[in-house]
Amino acid sequence: MAKHAIVVIDMLNDFIHPDGALTCPNGAGIVPALQDLIEFSHENEIQVIFVQEAHRKNDADFKVRPVHAIKGSWGSDFIDELRPDESKGDYVVQKRRHSAFSYTDMDLFLREEGIDTVVVTGVWTNVCVRSTASDAMYHTYKVMCISDCCASKDEDMHISGLRDIGIFGQVVTLEEYKARNIVVKG
């Protein structure tokens with residue numbers, strides 16, 4: 001039986017709040033769907049991993065993008081509506097690059113937990129979500145993406161990211177995912 005991890009990518013103040021340094025215009029719109037998914041995951045014993053971009057002050061990333069998500073800053077903090085709950089087993093992976101696998105303990109954690117399927121969500125579909133999905137495949141995980149739990153600047157960027165992920169992974173809606181993954185207890 002497949003063992004999934006829901007990966008919630010960069011739902012942080014700098015990406016979601018209107019005053020954020022790199023606000024994803026459609027990011028706030030996926031918050032209710034992500035809340036639903038996280039609740040569903042907790043109820044069905046599916047691992048939830050929150051990915052948090054957390055740069056150092058002089059990070060090389062700032063040579064090509066604006067300064068954002070400095071570790072320990074308001075911008076790098078999770079939005080109030082989507083905070084990890086360690087009492088429910090949520091895990092946090094901090095990253096400094098687009099992919100949650102790049103120079104982090106993501107792969108180690110997934111292997112320790114016996115996860116074989118990475119389910120990507122969050123922002124930006126065409127950048128960090130796609131990069132994480134690609135690296136999951138490179139690390140030999142099955143890949144899924146929940147289309148209505150991801151967002152980008154505009155619909156074209158979102159669709160482009162989904163199209164790329166769909167080449168090597170499965171793209172489903174939240175309702176499709178939930179229908180396939182309910183654990184019958186009793």
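Just so it is clear, the model here is predicted, and its values are computed rather than measured.
Hydrophobic clustering (ILVMFWY, side-chain heavy atoms < 4.5 Å, transitive): Met144 and Ile115 are in distinct clusters. Cluster annotation: Ile159 is not connected to Val172 through the hydrophobic network of ILVMFWY side chains, with a link wherever side-chain heavy atoms come within less than 4.5 Å. By the rule that hydrophobic residues join a cluster once side-chain heavy atoms approach within less than 4.5 Å of another member, Val129 and Leu110 end up as members of one cluster.
Electrostatic pairing of Asp90 and Arg83 does not count as a salt bridge here, judged by no charged N lying under 4.0 Å from a carboxylate O.
Counting only N and O atoms by type, the side chains of Asp61 and His98 include no donor and acceptor under 3.5 Å apart.
Checked against ring-ring contact (aromatic ring centres under 6.0 Å, His included), His68 has the following partners two or more places apart in sequence or in another chain: Phe15, His55, Phe62. Take Lys142 and apply the side chain to side chain contact (heavy atoms under 4.5 Å, CB included) test, not counting sequence neighbours, and it matches Asp116, Thr117. Among residues two or more places apart in sequence or in another chain, the ring-ring contact (aromatic ring centres under 6.0 Å, His included) test is passed with Tyr138 by none.
No donor-acceptor pair closer than 3.5 Å links the side chain of Gln52 to the backbone N or O of Leu12. With hydrogens and angles disregarded, a donor-acceptor distance shorter than 3.5 Å links the side chain of Asp154 to the backbone of Asp156. Under the 3.5 Å distance criterion, the side-chain polar atoms of Ser152 are left unmatched by any main-chain donor or acceptor of Trp124. The closest donor-acceptor contact from the side chain of Asp14 to the backbone of Gly20 lies at 3.5 Å or more, if one exists at all.
Legend: ring pair (Phe, Tyr, Trp, His ring centres under 6.0 Å) pairs involving residues 157-182, not counting sequence neighbours, sorted by first then second residue: His4-Tyr177. Counting only residues at least two apart or on different chains, the salt bridge (charged side-chain N to carboxylate O under 4.0 Å, His left out) pairs with a member in residues 94-104 are Asp10-Lys95, Glu53-Lys95, Asp59-Arg96, Asp59-Arg97.
Here Trp74 is tied to no hydrophobic group at all, with no ILVMFWY side chain closer than 4.5 Å.
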